[in-house]
> 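There's a structure below that I have some questions on.
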Amino acid sequence: MQESSAQQAHVHAPPQGFWRKHVFSLDHKVIGKQYYALALVAVFTGMVLSWLMRIHMVWPTARIPGLELLSKNGAPAGVMTPEYYLSLLTMHGTLMVFFVLTNAPFAAFGNYFLPIQIGAEDMAFPRFNMVSFWTTFLAWVVLMLAFVIPDGPPIAGWTEYAPLSAVGKDAGPGMQWGASLWGISIAIFCIASLLGALNFIATTLDLRAKGMTLMRMPLCTWAWFITSCIALLAFAVLLPACILLILDRHAGTSFYIPGGLVASDRLQPHSGGSPLLWQHLFWFFGHPEVYIAILPSMGIVSHILINSMRKPLLSAKVVIYSMTSIGFLSYMVWGHHMFVSGMNPLSSLTFSFPTLTITIPATILTLIWLGSLYGARIQLTSASLFAIGFISMFVSGGISGFFLAQPSLDIYLHGTYFVVGHFHMVMGVASLFGVFAGTYFWFPKMTGRYMNETIGKLHFWITFIGTYLIFMPMHYLGLIGNVRRYQSFVNDFMAPYLWLHKDMTIAALITGAAQFLFLFNVIYSRFKGAPAPENPWNCTSLEWSIPSPPPWNNFGDRHPIVYHDPYQYGVSGSKGDFVMQDSPEQIVGSGD
Amino acid sequence: MGKFFAVVLVLIAILSAYPIIGNYFPLPEDISTHGHLIDTQLHDTMLEAGLAFIGAQLVLAYFVFAFTGLKPDSRLKNLPGGAKLVVIAAFLIVGAEVLALGAFGQKAWATVYFVPPKADALQIQSQAEQFAFYFRYPGPDGKFGTIHPDKIDEGNQNYFGLDPANEPEARDDIVSGELVIPVDREVNLMLHAKDFGHSFYVRELRIQQDYVPGLDLAIHFTATKIGKYEIVCTQLCGLGHYNMKAYLNVKSQDDYDKWLKEQSQ
Amino acid sequence: MASTVASTVQSAAGFGSKKEAVPVSFVGSSADRASRSGIWVGIFAITMSFAAFTSALFVRQGTPDWTHILMPSVLYLNTFFLLASSVTLEISRRSLSAATIIESHSARRAKLWLLATFALGVAFCVGQYMAWQQLRAAGLYLATNPNSSFFYVLTFVHVLHVLVGVAAIVYLLGRLMASHSTFRRSLFENTAVYWHFIGVLWVYLFMLCLVKL
């Protein structure tokens, strides 16, 4: 039964007018760029917050000029109060984890490139996609409002443990409206992410072009797909958690607040709730969330590595299975954030085993990346520098996780800078390296222009060395018991190590400044960068078979047909050293 | 640039390992009976992790050195053994580590959590609140008075909300801002949170445990060295979190008895 | 089905140019497949959320201050309404022609049963509101005790999802009532899948409340 040609042939009509083209666009490419722009704003905000925090940590009584403009109460005469330090800490974490690390590698690049890489015209649900971005934007606005209200942002950290986050203003400054704004913002963010994940999954399952089997999808597409499956379940749990938190705060319920609490000299009118319930629900989301942050970067890095070294990975299938098993295992380990939380100590042991087991696929991935470099012909560009740097960072950050996975070691290391070093290296650096690599790599496709390679390489070197200088020392500080989330270090045992904090602060300021090189490069190259051809990197995946920038419906009027996997590099007998996925050229002895 | 990258990676590996090998950030002295288990495990893990870290960074450095800047027609090679070797290696390396550390690690954890406190362990209760720790001793009657949250009165130093007027058990309870204990005697420390989540952390004791509002938790330990050690809060509890601390004062048995007597007066 | 036949024919014809066009129907049916996947994925997410609420319930239920409340009697009636609405929706759906695109004027029977579904769905929502009224009359509000908290939260969140289904049914009714319009069969199918899910979810919540609360 053939459908009539009067039937809707395209997923949506070509955009007309300014608002439809650039603001409320249904085009996944515009939406991807919007997510990226939001992530850029969030990451620079988060970075400035971290500067303020680091400066304050080593010079607690110093006057930071202009800070009183940000908050009269939080920084009278420019001197940061202890509570404002915690406010900045909370906002830093929330912005970075949600609005940068979920947005940039996943929502931004995934939205832009997943449909193209599978040969589709757009996402399955373009209207949902648009709603998903603007809902994320709304969540960001609500969160940022916390800076503007007189009481300031919440002070309970991005993890907002109950009952500190649940009782309301008796918990301290920022815990009245600030914490409520946080809860509402994150709940809205959950809804946006669920819509986004839904789109990714349906698109990947059903809109693949002819010949694009699942196993022929590029590794970054696989990563986005697995990430969206994880995200679907994770955010579906965080949303109820936030709803219950908001109810405890405003409706007098006691989901998380037990009885008999006396805060600010007031007996709190709640009873029977469980603070551990919040931790379980939060970390059930929170652990998969960190894999949501890293998996897309793993996929992007794999894709760029293959292209840069002109040879496939030792086995793409093993990489896919490893990423999938990481996704699966990520749901079994959340209790490792709660080893000393007061939950049943037997549970701690049971959580420790899958945590240690996750090391296996992570090691497989690392060894595959490393092993594939052997015998390759690596071309160093800004993109590939960050991709290779990612491997180094992932090793460093991942190995410290190995310590924390053991409950007996966690007794000593929990709540110290060892943990802070660990998660910054994997999330704050490795994951971000994937974003940088992706930006340099895909910029020519998105804009038709190259980014400046000299500035790009300089950006890489300062960032690579700088982030090691900032975050590696944190592990040593953790070993001597440096406690985290302290606005300054008044403990006796910290005195001999304050010099190291000063060095880290200086490294942070310099490395942070270098990020403006990147920002400048992005903006300048957008308008004045050297023009780039359709396939500047000689890459095999479908996005490189269409013009730069792509037309509104990606492939024009044609529907691509895929003949190969995207790893056909160094193929003997082919013209050039690569074969594009949609080239009908026959490959002797190809694996697919 | 590939050669430079390799050099940077080697430097990173060496400079990162150096502070550990040179022991520039030594663990605080261990004054507990169970701490050596944790310390040994930490050292073992550091050795394995350190080898893996240095190995990976050096291998990466070598590959970057050897396989960048090659001519466009240079031959591509594959790692002998391919993906199969990698998967087997990963399982073996990690499997061995996991088994060793997981199995060994049980002992340290079990000693802290699965071995119950001795019957004659010294019972002390601690309360964490914004932003101080208080400790309560049961006094000669060996019984603790009930905590009445509505009777808590910071101004009159009734931190625990005791009701000595109506409860005989509460009358001889001793409240202190310092955790004073005798050396070489097992202590069972009960943890009670007055308002929010806090955590009890003494580095030298190799002990850390959260206070959970609504839950009555306890940890037990034995201190083996006389001295004063810092107790710090490691669970974000509000604006004064950074300053929330107390002292663990380990005294000889005689000094402890003397101190206890003084408090009762 | 059709697209697979079409593409097999084309590959058998041995076309090799990467720029050759593929028939439009391929695009159309993939959109239908995607929307069906989308509904199931959405159902999965909603299930996960209610699983989270359920686990919160179990944790909370273990505390000493748990008391039982009486189920508002109107809930039994509401359950009947919702299950009946699934039946009427199925009758409506099965009366549609087998085409991918359906013309409204051919779906008269479907229209009536869909109206019945709408009425029953609204009756359920009104009934839930009355259940809350019954609870309030008994002095049970959101924060009164943990039981009542969960009851209000679970039923309220469920009703929100029912209202989404009602909106979809209203949209379909709009299409069916208009004289010269058409609608995609997949839209009807997906609405049906979603609506039946909401019914099954309610049965689960109902049993949960009965047994636990």
Side-chain angles (χ1 to χ4, degrees), chain A residues 82-83 86 155-157 161 163-164 172 258 260-263 267 275 311 314-315 318 340-342 345 356 359-360 363-364 367-368 370-371 373-378 380 391-392 395 399 402-403 406-409 411-412 414-415 468 472 476 479-481 483 485-488 490-492 570, chain B residues 1-2 9 12 16 19 25 28 38 41-42 45 49 52-53 56-57 59-60 63-64 67-68 70 74 76-79 82-83 86-87 89-91 94 98 101-102 105 108-109 113 149-150 152 194-197 199 203 206 208-210 212-215 217 230 232 234 236 238-239 242-243:
Chain A
E83 54 269 33
L86 291 176
I155 61 173
Y161 274 15
L164 191 67
L261 300 188
V262 176
L267 187 59
K311 124 183 213 282
L314 293 178
S315 167
V318 168
V340 295
S341 66
L356 289 167
T359 318
I360 297 178
T363 306
I364 292 175
L367 292 181
I368 295 248
L370 276 178
L373 289 172
Y374 177 85
R377 199 190 310 130
I378 307 168
L380 289 179
I391 302 175
S392 174
V395 164
I399 284 182
F402 187 53
F403 288 76
Q406 301 170 59
S408 34
L409 296 187
I411 292 176
Y412 183 74
H414 175 83
Y468 263 110
M472 189 55 91
Y476 315 135
L479 285 173
I480 56 107
V483 180
R485 290 175 162 170
Y486 278 6
Q487 61 112 27
S488 68
V490 301
N491 310 111
D492 311 331
Chain B
M1 184 156 286
L9 283 167
I12 284 173
S16 299
F25 294 86
I38 293 179
Q41 187 155 356
L42 187 58
T45 306
F53 168 76
Q57 303 290 354
V59 166
L60 182 62
F63 287 167
V64 168
F67 300 111
T68 51
L70 298 175
S74 63
L76 296 167
K77 299 186 284 230
N78 255 336
L79 185 74
V86 161
V87 173
F91 268 95
V94 178
V98 165
L101 291 168
W109 187 255
Y113 284 102
D150 48 319
I152 291 179
K194 176 185 146 195
D195 45 22
F196 304 111
S199 194
R203 309 177 313 141
R206 309 292 194 264
Q208 184 172 184
Q209 175 61 53
D210 284 1
V212 181
L215 273 186
L217 301 164
E230 240 174 313
V232 292
T234 54
L236 180 52
L239 65 91
Y242 75 101
N243 209 9

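By convention in this document, chain letters (A, B, ...) are assigned in the order of the sequence lines, proteins followed by strands, and residues within each chain are numbered from 1. In this text the structure is predicted, and so the values were computed from the model without any measurement.
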> Chain B: which of A:G371, A:P258, A:P345, A:A156 shares the most heavy-atom pairs with it under 4.5 Å?
A:P345

> As an exercise: rank B:F53, B:F67, B:F25 by heavy-atom pairs under 4.5 Å with chain A and give me the winner.
B:F67

> Tell me, side chain or backbone of A:V262 under 4.5 Å from chain B's heavy atoms, or both, or neither?
both

> Minimum heavy-atom separation for A:L261 and A:P163, please, with both atom names.
CD1-CG, 3.8 Å

> For the residue pair A:V490 and B:Y242, what are the closest heavy atoms and their distance?
CG2-O, 3.7 Å

> Would you mind telling me which of B:T234, B:L215, B:V94, B:N78 has the largest number of heavy-atom pairs within less than 4.5 Å of chain A?
B:V94

> List the steps and the verdict of side chain to side chain contact (heavy atoms under 4.5 Å, CB included) for B:R203 and A:Y412.
CA-CA 7 Å; B:R203 309 177 313 141; A:Y412 183 74; 4.1 Å; yes

> Given the options A:A376, A:G157, A:G415, which has more heavy-atom pairs under 4.5 Å with chain B than any of the others?
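Result: the option with the highest number of such pairs is A:A376.
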
> Let me know if A:Y476 has heavy atoms under 4.5 Å from chain B in its side chain, its backbone, both or neither.
both

> Would you mind telling me which of A:E83, A:R377, A:K311 has the largest number of heavy-atom pairs within less than 4.5 Å of chain B?
A:R377

> Specify which of A:I391, A:T363, A:L409 makes the most heavy-atom pairs with chain B at under 4.5 Å.
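Top option by heavy-atom pairs under 4.5 Å: A:L409.
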
> Taking B:L9, B:L42, B:L70 one by one, which has the highest count of heavy-atom pairs under 4.5 Å against chain A?
B:L42

> Let me know if A:L86 has heavy atoms under 4.5 Å from chain B in its side chain, its backbone, both or neither.
side chain

> Is there side-chain contact between A:L356 and A:F402, with heavy atoms separated by less than 4.5 Å?
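Answer yes - side chains close enough.
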
> Answer with side chain, backbone, both or neither: which region of A:V318 has an atom nearer than 4.5 Å to a non-hydrogen atom of chain B?
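Contact with chain B involves the side chain of A:V318 alone.
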
> Just give me the residue among B:D210, B:I38, B:V59, B:V232 that pairs up with chain A most often, heavy atom to heavy atom, under 4.5 Å.
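Looking at each option in turn, the highest pair count goes to B:D210.
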
> Please flag which part of A:F403 lies under 4.5 Å from any non-hydrogen atom of chain B: side chain, backbone, both or neither.
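A:F403 touches chain B through backbone and side-chain heavy atoms alike.
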
> Looking only at heavy atoms, what is the nearest atom pair of B:L76 and A:G570, with distance?
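Closest pair (atom of B:L76, atom of A:G570, distance): CD1-CA, 3.7 Å.
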
> Looking only at heavy atoms, which two atoms of B:A83 and A:I368 are closest? And how far apart?
CB-CD1, 4.3 Å

> Using a 4.5 angstrom heavy-atom cutoff, name the option from B:A108, B:G214, B:S74 with the most pairs to chain A.
B:S74

> Considering only heavy atoms, which portion of B:E230 lies under 4.5 Å from any heavy atom of chain A: side chain, backbone, both, or neither?
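When you check distances to chain A, only side chain atoms of B:E230 fall under 4.5 Å.
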
> Check each atom of A:L380 against the heavy atoms of chain B and say whether the ones under 4.5 Å are side chain, backbone, both or neither.
side chain

> Using heavy-atom distances under 4.5 Å, tell me whether A:Q487 contacts chain B through its side chain, its backbone, both, or neither.
both

> Is there side-chain contact between A:S392 and A:Y468, with heavy atoms separated by less than 4.5 Å?
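Result yes, sub-4.5 Å side-chain heavy-atom pair found.
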
> B:P213, B:P149, B:A52, B:P28: which one forms the most heavy-atom pairs within less than 4.5 Å of chain A?
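So the answer, after comparing B:P213, B:P149, B:A52, B:P28, is B:P213.
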
> Name the option with the most non-hydrogen atom pairs under 4.5 Å to chain B; the candidates are A:G342, A:S341, A:S488, A:P82.
A:S341

> Quick one: which of A:L314, A:T359, A:L373 has the most heavy-atom pairs under 4.5 Å with chain B, could you say?
A:L314

> Ignoring hydrogens, what is the shortest heavy-atom contact between A:H414 and B:Q208? Give both atom names and the distance.
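Closest approach of A:H414 to B:Q208: O-NE2, 2.9 Å.
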
> Examine whether an atom of A:I155 lies under 4.5 Å from a heavy atom of chain B, and if so say whether it belongs to the side chain, the backbone or both; otherwise answer neither.
both

